[in-house]
Amino acid sequence: MAIVFADTAWVLISSALVLFMLPGLALFYGGMVRRKNVLSSMMHSFVVMGIVAVLWVVVGYSLAFSEGNWFVGGLDHIFLWGIDYNSTTGTIPTYAFVAFQGMFAIITPALISGAVVGRIKFKSYIAFITLWSLIVYAPVCHWVWGGGFLTGEALDFAGGTVVHITSGISALAILVFLGKRKGYGVDVIKPHNVTLTLIGTGLLWFGWFGFNAGSALAANEIAALAFITTFVAPAAAGLSWMTAEWWGTGRPTALGFATGILAGLVAITPAAGFVTPMAALAIGVVAGVVCYNAVMLKGKLGYDDSLDVFGVHGVGGTAGALLTGVFATVGAAGLISGNSHQFFLQFEGVVITMVYAIVCTIGIGFVLDKTLGLKVSVSEENIGLDQTQHGEKGYNF
Amino acid sequence: MAIVFADTAWVLISSALVLFMLPGLALFYGGMVRRKNVLSSMMHSFVVMGIVAVLWVVVGYSLAFSEGNWFVGGLDHIFLWGIDYNSTTGTIPTYAFVAFQGMFAIITPALISGAVVGRIKFKSYIAFITLWSLIVYAPVCHWVWGGGFLTGEALDFAGGTVVHITSGISALAILVFLGKRKGYGVDVIKPHNVTLTLIGTGLLWFGWFGFNAGSALAANEIAALAFITTFVAPAAAGLSWMTAEWWGTGRPTALGFATGILAGLVAITPAAGFVTPMAALAIGVVAGVVCYNAVMLKGKLGYDDSLDVFGVHGVGGTAGALLTGVFATVGAAGLISGNSHQFFLQFEGVVITMVYAIVCTIGIGFVLDKTLGLKVSVSEENIGLDQTQHGEKGYNF
Amino acid sequence: MAIVFADTAWVLISSALVLFMLPGLALFYGGMVRRKNVLSSMMHSFVVMGIVAVLWVVVGYSLAFSEGNWFVGGLDHIFLWGIDYNSTTGTIPTYAFVAFQGMFAIITPALISGAVVGRIKFKSYIAFITLWSLIVYAPVCHWVWGGGFLTGEALDFAGGTVVHITSGISALAILVFLGKRKGYGVDVIKPHNVTLTLIGTGLLWFGWFGFNAGSALAANEIAALAFITTFVAPAAAGLSWMTAEWWGTGRPTALGFATGILAGLVAITPAAGFVTPMAALAIGVVAGVVCYNAVMLKGKLGYDDSLDVFGVHGVGGTAGALLTGVFATVGAAGLISGNSHQFFLQFEGVVITMVYAIVCTIGIGFVLDKTLGLKVSVSEENIGLDQTQHGEKGYNF
Amino acid sequence: MKYVIAIIRPERLDSVTRELQKVEVSRLTVSPVSGYGAQKGYLEVYRAVELEVNLLEKIKLEIAVNDDFLAPTIEAIQKGAKTNEKGEIGDGKIFVLPLDDVVRISTSETGSEAI
Amino acid sequence: MKYVIAIIRPERLDSVTRELQKVEVSRLTVSPVSGYGAQKGYLEVYRAVELEVNLLEKIKLEIAVNDDFLAPTIEAIQKGAKTNEKGEIGDGKIFVLPLDDVVRISTSETGSEAI
Amino acid sequence: MKYVIAIIRPERLDSVTRELQKVEVSRLTVSPVSGYGAQKGYLEVYRAVELEVNLLEKIKLEIAVNDDFLAPTIEAIQKGAKTNEKGEIGDGKIFVLPLDDVVRISTSETGSEAI
Ligand SMILES: Nc1ncnc2c1ncn2[C@@H]1O[C@H](COP(=O)(O)OP(=O)(O)O)[C@@H](O)[C@H]1O
Ligand SMILES: Nc1ncnc2c1ncn2[C@@H]1O[C@H](COP(=O)(O)OP(=O)(O)O)[C@@H](O)[C@H]1O
Ligand SMILES: Nc1ncnc2c1ncn2[C@@H]1O[C@H](COP(=O)(O)OP(=O)(O)O)[C@@H](O)[C@H]1O
């Protein structure tokens with residue numbers, strides 16, 4: 001089939017936008033840690049661009065998207081064998097599709113890094129990302145999008161389940177081995193530079209248009225729909241988080257507003273091309289409030305998901321996946337269209353993914369902890385990971 | 001009518017680019033304030049993304065673009081009623097058009113914030129933005145682009161009048177109630193981080209390609225024209241501002257060059273798709289010098305338009321609107337094509353918009369000042385708005 | 001010929017992306033200098049946007065792309081004469097082509113600035129950029145892309161020779177006159193803010209998709225190929241640089257990883273649309289290691305190419321140009337396709353360009369040194385260029 | 001010789017140095033600091049966690065002076081640092097510490113010569 | 001009167017100020033510093049050049065106190081600054097300097113009144 | 001015991017600490033400061049407003065030493081901080097303040113032990 005140039009342009013620019021989310025994430029997270037860990041935290045996002053991009057073209061794409069069984073793809077396309085510049089997927093060159101999907105494979109493990117800042121060994125982080133990409137991401141991606149057993153069942157427009165639930169829940173699971181940062185809950189750990197986090201939020205939202213609207217894989221009316229829902233939901237979520245916080249603490253913080261935007265982006269992701277803008281508004285409002293409360297709860301439960309990966313991506317992703325089952329009206333039918341079965345399918349997708357991700361992450365964590373060791377020493381943690389893991393400092397005179 | 005995919009792709013990416021101007025603006029302004037107000041200033045741009053995005057889909061779009069009278073649109077499309085993913089506007093999905101126009105509705109009030117940094121109450125700012133969007137922006141947008149009485153009269157390719165004149169003049173008007181920052185004119189108030197302002201300038205220029213070239217609403221030769229004029233004019237304006245400054249003070253500053261670029265972007269906005277690149281060069285040169293002098297003048301007149309919203313957007317926007325009436329040759333005829341009537345129409349458009357914006361802004365300001373109060377206390381101003389309005393600090397150890 | 005809308009959209013967004021590389025470069029370089037030179041360094045990138053954009057539409061475009069002789073184009077299109085919004089080049093409006101090519105003309109001299117930070121007079125820098133654009137860039141661009149004697153001989157997909165070799169080698173040549181920074185090799189000169197450099201890297205990679213994939217000048221399968229190679233090569237180069245560094249010093253630095261990405265981007269530039277993704281992987285790996293060693297070598301040779309323009313762009317560009325001659329398989333044939341002649345042509349292109357750029361740069365440098373003077377005084381260097389050349393400081397209380 | 005440390009408001013820095021120039025004190029060292037004092041700050045909130053803090057931005061001046069310059073220096077700082085005639089909470093403080101010796105690095109001068 | 005300078009770990013700042021509040025010392029000046037000390041840092045590498053450095057981030061507190069407040073102040077700092085019961089390398093140091101005079105800028109009060 | 005404060009050029013920091021190591025002074029505190037001095041700065045311009053300023057970037061070292069270490073410390077700083085043999089304007093200054101007491105937080109050692 002001949003490619004459609006407009007669709008190609010759209011998917012290519014969308015791919016670039018999704019890759020641009022990585023520096024966005026690096027800033028978002030990097031601003032929230034202490035100065036002594038800023039480069040380490042940013043590197044957690046950057047190095048994934050290196051590792052997973054290479055892994056993806058070597059084997060990941062094949063595991064996720066070549067024909068295989070219900071669980072995982074085959075090895076037909078390792079090293080991108082069998083694909084050349086004339087190959088097409090739908091209306092676009094296959095290379096464009098590989099690149100676009102590769103960006104998703106990159107951002108997903110990078111999201112996890114927010115939970116482990118300030119205490120994970122760099123080499124173990126690299127090992128973790130590598131294993132996690134192959135063992136968790138590639139199969140789940142295959143299930144939902146690549147022809148696996150959830151394809152055509154659970155609705156997931158742009159990765160609520162594949163990206164956000166897997167990363168959010170894995171962030172929680174890996175804490176079994178990493179525990180808390182020293183002084184967590186006693187000393188006060190403040191973001192060293194909130195302006196970085198705000199810039200990061202800007203980059204993330206910008207890039208997310210590629211993430212969601214690009215997932216239409218065509219420059220059509222569904223792309224436009226996904227675009228406008230990705231515009232409305234985070235706006236609403238930012239406001240609802242800010243309102244909750246204003247109400248609760250008397251202070252509408254910039255950090256809170258930014259986190260609310262992110263929660264809205266996460267929640268609209270599975271729904272983007274299936275719901276109306278007004279449903280997106282509702283999803284955004286819910287996501288802001290729910291994630292705010294999830295983050296509040298952390299304080300009480302006492303685990304140290306340092307930058308709230310679970311509270312935002314895990315909870316927001318789950319909320320989004322379920323609400324997709326409620327509000328879907330475009331090209332699918334959810335609860336409000338009287339299709340309660342879809343809601344059940346969504347629920348099923350969430351649970352299966354969560355269980356799989358938890359089990360695998362704990363398995364990977366266990367092996368790495370016994371071999372390389374996951375956590376730095378107390379003294380290294382005190383000094384900071386920039387100096388101890390990378391031999392450099394973020395800021396010099 | 002069927003949509004054109006290429007136009008859809010172009011308007012969608014342009015919409016994303018325009019939204020990206022908001023973090024750009026946040027950085028541009030945020031770098032110029034003092035450390036104690038950096039988050040407050042950035043939040044002025046960020047929170048508008050939340051408020052106006054929601055307002056726009058709920059009621060603003062309808063007021064601006066649904067059929068109405070000469071003054072304002074009707075309520076046919078509140079909550080985007082009557083629009084679904086199959087609706088089209090020109091050659092693109094209506095949802096894409098709504099989103100694109102929504103970005104303009106967002107950036108316009110955010111521009112005003114540069115005048116009021118360091119002394120406006122956050123809750124009053126929110127109230128101001130909300131009222132101003134509905135009372136000033138939506139009608140003026142309707143006049144010029146939505147079928148109101150200036151549609152087809154005053155030329156305004158991408159918002160010189162609708163965006164920059166309204167915001168620039170309103171920035172001046174609101175100062176009636178906000179007065180000066182404490183110590184203005186006595187103490188020296190320096191930008192706390194010029195690198196942020198430079199990054200912001202980069203984001204703004206980048207996004208402005210979407211703003212201007214996207215306003216062609218098609219990926220055609222007019223888009224290409226608007227693109228190249230948006231490339232040439234700011235370059236020329238940056239140079240002319242820098243030259244004026246070098247001449248005047250002996251120092252070509254980075255901040256000056258950046259502000260010159262912005263002045264050029266503002267001035268080319270109404271003209272972008274109507275003039276040749278060489279006319280854009282001329283417009284840029286004029287804008288740089290004129291805005292430089294306008295900003296110089298402020299010091300003499302003694303008002304505290306803190307970040308020169310009037311000097312850049314008000315003056316630059318006016319210069320651009322009038323020069324559009326001079327240089328228009330593509331799809332319209334200006335003075336140099338012997339059509340002096342167009343110049344008159346431009347003038348008329350500017351004056352009517354200015355008067356309307358001033359009157360409304362003063363009205364809104366008056367009401368808010370009497371109810372919520374607009375200005376923080378002296379002690380809060382001393383301490384800074386980050387701590388007093390948001391309960392946080394930009395930078396922590 | 002009628003324009004293709006999708007191609008127009010793609011080239012326009014690509015042009016915006018390439019311009020966005022300038023703030024990226026400003027950050028990349030700005031983060032690596034000391035605080036006292038941060039604005040000066042960033043201005044080196046910013047001011048080029050002003051100067052070269054204007055030069056380009058006035059005369060540069062004509063010199064590079066209008067019909068001329070084997071050496072340089074004519075003056076038919078100065079002031080863009082003979083072009084209007086209906087003109088087309090290939091499948092896109094000529095204005096789009098002019099803008100896209102203008103972005104390349106801008107970034108090339110800006111790259112050089114990394115070698116001269118902290119010691120060049122601002123006015124001399126402006127003069128240098130102006131002359132260099134006209135004397136070096138425009139002719140070489142004409143040779144390779146504009147119908148000159150290398151057109152159709154040396155393969156250069158997106159500017160390995162035209163952009164990176166010219167700038168990289170000129171950076172070295174100009175050091176003949178600028179020498180070392182005070183204290184170089186004795187005092188330790190550390191990057192003042194590595195986070196800026198990382199953000200810059202993110203912007204550069206993002207923009208580079210426009211640079212390389214946009215160079216297809218159409219939204220087709222070659223664009224997709226260039227896109228995916230631009231995705232894979234820098235990832236591989238980042239990893240290979242990091243590995244070399246880890247091996248050599250025991251520390252995988254963030255700065256190193258970022259520089260590796262850049263080296264990969266440079267090296268893939270000439271090859272982007274000619275090679276497979278697997279060849280891109282190989283090119284990336286080689287580029288990372290080779291450039292790492294080139295930068296190491298600098299320390300031993302003792303010249304002060306402050307931010308390693310030669311080590312990254314000169315060496316990386318040369319490696320890329322030669323490897324294109326090895327790996328080209330798409331639309332051209334290299335060594336691995338048994339065409340050793342192409343390798344020779346690549347070699348020839350590199351050598352001729354290098355010699356020409358060196359000679360001209362030394363000539364320009366000589367004249368400027370004798371007239372305006374190139375280097376600031378020792379005392380100005382001590383105080384820093386921000387204060388002495390621009391009368392401002394990056395950071396204020 | 002005395003080592004004078006003054007904590008002032010950031011925005012008063014220029015007016016303080018102007019006053020100091022007038023009494024011919026033109027060498028000093030400046031740094032940004034944060035201060036707790038009579039002037040109270042505000043509750044801070046990070047990711048839904050409330051913190052009681054009240055750090056405000058201040059500027060710290062350090063000036064080594066010979067004894068006869070001490071009184072004029074203090075007066076000049078006060079004059080420059082006051083927000084208004086009667087002074088306001090948060091205008092800052094001046095601390096005077098004894099200073100045993102000074103060395104000028106470039107010339108190796110010491111003592112009051114070197115100040 | 002004494003001028004107390006304490007170098008502590010950044011993350012202990014809040015607990016130190018909490019302890020100081022308890023003994024009614026509520027005025028102080030804070031700044032970020034870098035410290036070399038018994039606690040060692042690490043090799044740094046910039047663009048393939050290795051550097052031997054071991055600067056660590058610390059916080060510096062400056063507190064002017066009247067003599068009778070000296071002992072409680074030091075105690076409070078120690079209490080707040082220790083990482084754990086027995087203390088750890090890198091917990092920091094306290095320096096006590098003599099202080100000749102204090103001036104409160106807004107009121108022109110001097111001496112122990114002004115502290 | 002003395003409390004030595006030195007203001008040096010940023011780029012000389014490493015050479016100063018190297019010299020200090022040689023005389024076995026390996027504990028110190030560093031912070032970035034801005035200095036006015038004999039070395040003049042330049043006119044600054046912000047948004048078309050000219051300002052007369054001449055703040056230059058410097059580094060401040062603080063080193064508490066026992067009396068017998070004072071002379072070597074000063075010498076080492078001088079040696080490391082000089083731009084060249086004869087020294088240049090702007091190379092910096094060293095201030096020596098009396099120090100009453102030191103406490104090491106982790107161990108509660110005091111006095112010259114604790115330095
Ligand atoms: N005893 C003290 N020790 C150290 N710093 C102090 C002391 N008292 C005041 N300061 C510093 O001086 C600043 C101004 O003091 P503050 O009490 O707020 O106002 P006032 O100027 O009215 O005394 C404080 O923020 C703090 O940095
Ligand atoms: N003699 C000294 N002079 C100046 N600063 C010192 C001195 N000794 C220690 N410091 C500061 O105190 C910090 C903590 O001291 P360090 O020796 O690391 O641990 P400890 O708390 O076990 O003494 C150092 O990083 C340094 O900033
Ligand atoms: N009397 C002083 N009080 C405080 N700081 C001083 C004093 N004299 C010099 N300094 C600091 O030392 C730095 C270097 O001094 P400067 O006079 O420029 O050069 P020199 O090294 O030739 O004396 C100044 O920038 C300033 O920070």
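The structure displayed is predicted, hence computed values, not measured ones. We name chains A, B, ... by the order of the sequence lines, and we start the count at 1 in each one.
Residues Met242(B) and Met43(C) meet the side-chain proximity criterion, which asks for heavy atoms closer than 4.5 Å. Annotation: side chain of Leu80(C) is in contact with side chain of Ile228(B) (closest heavy-atom distance under 4.5 Å).
Interface remark: of the candidates Thr197(B), Thr230(B), Val232(B), Ile199(B), Ile199(B) forms the most heavy-atom pairs closer than 4.5 Å to chain C. The candidate with the highest count of non-hydrogen atom pairs below 4.5 Å against chain C, out of Gly238(B), Gly284(B), Ala9(B), Pro277(B), is Pro277(B). Most heavy-atom pairs under 4.5 Å with chain C: of the set Ala258(B), Ala6(B), Ala254(B), this distinction falls to Ala254(B). Of the listed residues (Lys36(B), Arg35(B), His192(B)), the greatest number of heavy-atom pairs within a distance under 4.5 Å of chain C belongs to His192(B). Most heavy-atom pairs under 4.5 Å with chain C, from the set Thr229(B), Leu196(B), Asp7(B): that is Asp7(B).
Taking CE of Met42(C) as the start and CG of Leu198(B) as the end, the distance is 4.5 Å to the nearest 0.5 Å. Note: Thr8(B) OG1 to Phe5(C) CZ = 11.5 Å, rounded to the nearest 0.5 Å. To the nearest 0.5 Å, atoms CD (Glu392(C)) and NZ (Lys190(B)) are separated by 11.0 Å. Between atom CG of residue Asn193(B) and atom NZ of residue Lys393(C) there is a gap of 13.0 Å, rounded to the nearest 0.5 Å.
Interface with chain B: from residues 200-224 of chain C, residues Phe206(C) qualify, criterion being any non-hydrogen pair under 4.5 Å. Residues of residues 46-63 of chain C that come within less than 4.5 angstrom of chain B, heavy atom to heavy atom, are Phe46(C), Val47(C), Met49(C), Gly50(C), Ile51(C), Ala53(C), Val54(C), Val57(C), Val58(C) in numerical order.
Residue Ala236(B) touches chain C through both its backbone and its side chain, counting heavy-atom pairs closer than 4.5 Å.
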For residues 95-109 of chain C, please give each side-chain donor-acceptor pair under 3.5 Å, one per line with the distance, not counting sequence neighbours.
residue	atom	partner	partner atom	Å
Tyr95(C)	OH	Ile83(C)	O	3.4
Thr108(C)	OG1	Phe104(C)	O	2.7

Give the table of side-chain donor-acceptor pairs shorter than 3.5 Å for residues 11-31 of chain B, with sequence neighbours excluded, one pair per line with atom names and distance.
residue	atom	partner	partner atom	Å
Ser14(B)	OG	Trp10(B)	O	2.8
Ser15(B)	OG	Val11(B)	O	2.7
Tyr29(B)	OH	Leu111(B)	O	2.7

side-chain contact (heavy atoms from CB on, under 4.5 Å) between Thr195(B) and Tyr395(C), intermediate numbers included: CA-CA 8 Å; Thr195(B) 68; Tyr395(C) 309 96; 3.7 Å; yes

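The backbone N or O of Pro191(B) sits less than 3.5 Å from a side-chain atom of Asn396(C), completing a donor-acceptor pair. Here the side chain of His390(C) pairs a donor or acceptor atom with the backbone of Pro252(B) at under 3.5 angstrom.
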